[in-house]
Amino acid sequence: MQVPLSVEPTVKFGKEKLNIWHDRKQALINAPILPYFYSYEKLDIPEAKISQVRAKALSSFKERTFYKYEFESRQELVDARNKIRDERGRGVTFEDNIPFVIRNRIDNPELFLKYPHKKELAFHHIDIEQYIKPGKPAPELDDRITAISWAGNDRKVKSIFLGKDSLTDKKLLQKYLELNPYQNIDVLTLYNKTYDMPTIINRCNACRIDITKFSKNGVKPSIGGEEGTSIEGITIYDIYDSASGDQSLTGYVPNRGLKAVSDHFKFKGKGRVLTKEQMIELIGTKDLVEYNKDDVKRLMLLFDIYWGAIEYKAEALKIPLNLATNLSMTDLGLVVLGDLYREHNIIADGENWSRYPEIFQREKDKHEPNFQGALVDIKRTGVFEKVKKADYSSMYPNIAMTFNLGPDTTTLLEYKPYGKFKIIEEENWFIYEIPDDVLKKNICIQVMKKPGFLAKKIEMFLKARAHHKKLAKELDSKAEKAKSDTYKVFANGSVGYGIHGAAHHPFGFAPMAIATTGFGRQCAQLLIDILEELYSKSVIEIDTDGVYFYVKEGYEFNKKKVIEAFNNRIVEKFKRPLNLSIDIDEYPKGYFYAMKNYVLVNEKGELIFHGGAFKSSRQCNMSKKLKEEIAWAKLDKKDERPIIDKYRKLDFELEDFAMNVKMGQHPNQYSNQTGFVMSLARQAEAHFGIKPRIGNQYYYVKSYSGYKLLELASKDDLDTNYYQKEIDKVIKMFDISPATVSIDKWL
DNA sequence: GCTATCAGGCTACCT
DNA sequence: ACAGGTAGCCTGATAGCG
C-alpha cells in the first residue's frame, strides 16, 4: 500500500505527536501542524499563537481576514473553544471540531504517503465460541472460551478447542497465542468487534496471561470505551461495519448478522448451524469445531466481497488504513470537502447552525426536522401484478452535478411566501424558488451558470464510477466492483445532503442540501406524472428517487417511451436537458401496504419484505411466520383462512413468542426512566446481573403479569389475549380496510 | 372501573 | 454528533360511558 497501516494522535511531553504504524514499525513523529481554529474576532486566548490569514468565507464566498489560533495540544484547543462557547455561544470559532489526524491529512495531503505499508498485509480472520451458563441469556466475563478458529493469508482454517470436561481456558489461550504470534499480524478480521477481541483479552487477564503480547510495542491493548478495542500495531476490521452499510442487501437479508449476510452470498459450509443449547452441549466435539470453522469461512467470504473497497478507499483518499476500515460519512466529507476548500482557499466561517439560524435555531418540537427532505407517498394499496420500479441512478449526486450546485455557485438569497416551485433565468444565474413544507416558505436559491468546483468534482466521481462499473460487468471483476462502489460513496459523501444539511458538520453548506432535496422532489414528481399519464393512474408507491407502478391490462409497457417522455418533460420544466437517467426493475407481483412497507416477489420467485411493519426485528417469530404465509396466500390469491385458523391455536414454542428490543442509548440518557426498555434492562440487571448498556438486546414476552424477559417466562404464563391481538393485527394488515384503500379503487 | 383515543418517547426501518 | 421520512410498540393522560 501507499498508505500506513494506522495513524493515531497522541500527546508526549505536552506535544502533539502522530503514532504511525507501517511495515510493522512504529514511527512517532511530531505532528507537522498544531491544532487550530479560526475566528473573525481577536479573542483573548493567551495560550494560543495568533496569526492572520486571508481566505474566502464559505458563507459569502467573499475574501475576509481570519484570526488563526494555534494550540500546543488538542486538549488546549477544546478547552479554549468550550470556554468561548460557554461565554458567547456557538459560532464565534470556526473549523474547531475536526479530528486531528484528518486536519493533518487535509493540510498536508501527501503526508501519510511518506509512511507506506509496503509489505504484504498479514490478515488474521478469527471467531470464538464461549460457554454460557445454563439459564443465562448470554455469556459472561467469567465464562470460558470453548473454541477459537482462525485463518491467515493462506486461508487454511485452524482450530483449537476445549475438552468437554475442561473448566478453564488458560491452556487454550496460551496455545492460541503460541500458534499465532501477534507480532506477525497486521489486520484482524472479525464480526462484531465489541465481542471477540474484548473477550479474548478479558479471558487472558482472568487467566493471568500477559496481554502485552498482543501489541507490537509492549503496550497493553485497551478494550473498553466507545472507541472499542485498540491494539498497538494492529488494525481491526469489523466486517459488520461493511455489511450494515451495504444498501444492496436491503430487503434481501432478514438481518445483518454474519449468518444471514453470508447465506445471502451463497455460503456453503460443512457444519450445521447450532442453537445456543447445542453450542453448550457439543463442547469438545467435532460438531462445535466445524461450526466455529464455518464462521471463519463465512467471515472470509464476506472479507473477499468488502475488503477491496476498504484498501482502495484508503489509497484514493491517501488516508491510513485504520481510518478507511470504518470511515463515517462525516469523516469522508471532511476529507473530500477539506481538499476542495484547501485548493480554493476557503474557510468555513461557522456551521450551518450559526450561519442559518432561521433554519437551524428556530423554535420547534424536539424531533421536528430542520428542512423538508424527500418525497414519500403511497397512492394505491393492495396486490398488483407486473410491478415495476423506475428509479434514478445516483439521484442526489446527479442533481448536484447537473444543477451546478456548490459553495461557489449557490446562495440562499431570501425567503418568499409558501407557494409553487419556480425558475427564473437571468444572464449569469438561475433563481429557484423551492417550496419547503417544514419551513412553510419558499426558499430562493441562486445558482451561478459559471461551472462550480464541487459540481466538477462530483462529475469526476460519477464518471469514474461509470467507468469502473462498466469494467466490473465486462470483466466480472470484484476489484472493479469495489472501485465502482467506492466512487459512488465518494459522490454521495461530497454532496451527501446528510453532511450539507447537518447542523454541526464543520464543512456543511445548507443551501446545497435544500436545493438538492428540493430538486429531488421535483424530479420524483415529474416521473410520477409521466407514469400516471402513460399508464393511466398506475403509480403505487414513491420513496425519494424510486417510483413503483404497474401496467394494467390493455397497456403495453415501453421503456423507451417512458424515457423519451421523461427527457421531454425535463426540458419543458427546467428549460434545458439534464443529465438524469432512470433504470427500470421488474417484479411479477407485489403487495403494497403503506409507505416504505411492501412485499415483492422477484423473478426468482422469492418473497422480499420491505419496511418495519413486515420485518421489524422486534416482532416475534410467530408473527413473522404468519406474515410470510399470509403474504404468499394473498399474492397467490389463495384462501388465508386455514392459515389463520392454524395460528389461532398459538401452538408454538415459547421462543416463537419472544419479541426483542435493543437499548438505543446510554441508561442515563433515557428521559423516561420508567419506560419500556429501561424496565426490561432493570429486570435483566436484577435477575442476571447484566448491566444496562447501550446496544444490549433483550428478548421478552407478554405474560399476564406484564412484559417479562424470555428467560423468566414460562409458556402457561403467556398472555394469549395479547398474542391473539397480534394475529388480528396481521389480518388487518393484509385485509384491505376502507381507510387504506385509495379513492381510485372505489371509483 | 372499563374502553377508546391521543401525544410523546422510543426503536426499527427506507432512501 | 450525516439527513429527513414513516410505521409501530408502549406508557400515561384524558374523555366518555355505565
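Note that the structure is predicted; figures quoted are calculated from it, not measured. Every chain is numbered from 1 and lettered A, B, ... according to where its sequence line falls, protein lines coming before strand lines. Note that these values count all heavy atoms, side chains included, but never hydrogens, waters or copies made by symmetry.
- In terms of position on DNA chain C, the residue among A/Thr330 and A/Lys729 whose nearest nucleotide sits closer to the 5' end is A/Thr330.
- Ring geometry for A/Phe657 versus A/Phe652: interplanar angle over 60°, hence perpendicular rather than tilted (30 to 60°).
- Helical stems involving DNA chain C, defined as 3 or more consecutive Watson-Crick or G-U pairs under 3.5 Å, span B:1-15 with C:3-17.
- Of the listed nucleotides (C/dG8, C/dA3, B/dT15), B/dT15 has the atom at the smallest distance from the side chain of A/His610.
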Give every pair of a protein N or O atom and an N or O atom of nucleotides 1-4 of chain B that lie under 3.5 Å apart, one pair per line with the distance.
none

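- You'll find that the side chain of A/Lys615 is closest to B/dC13, out of B/dT11, B/dC13, C/dG4.
- Remark: the separation of the P atoms in B/dG8 and C/dC2 is 27 Å, to the nearest Å.
- For A/Tyr698, there are no ring pair (Phe, Tyr, Trp, His ring centres under 6.0 Å) partners at least two apart in sequence or on another chain.
- Contacts of residues 522-530 of chain A with DNA chain B (heavy atom under 4.0 Å): none.
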Cut-off 3.5 Å, no hydrogens considered: what does the side-chain donor-acceptor table look like for residues 392-400 of chain A, sequence neighbours left out?
residue, atom, partner, partner atom, Å
A/Tyr392, OH, A/Cys523, O, 2.5
A/Ser393, OG, A/Ser581, OG, 3.0
A/Asn398, ND2, A/Ser393, O, 2.8
A/Asn398, ND2, A/Ser394, O, 3.0

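- Within residues 512-521 of chain A, no residue is approached by DNA chain B to less than 4.0 Å at the level of any non-hydrogen atom.
- Both A/His505 and A/Asp437 lie close to DNA chain C; mapped to their nearest nucleotides by heavy-atom distance, the more 5′-ward contact belongs to A/His505.
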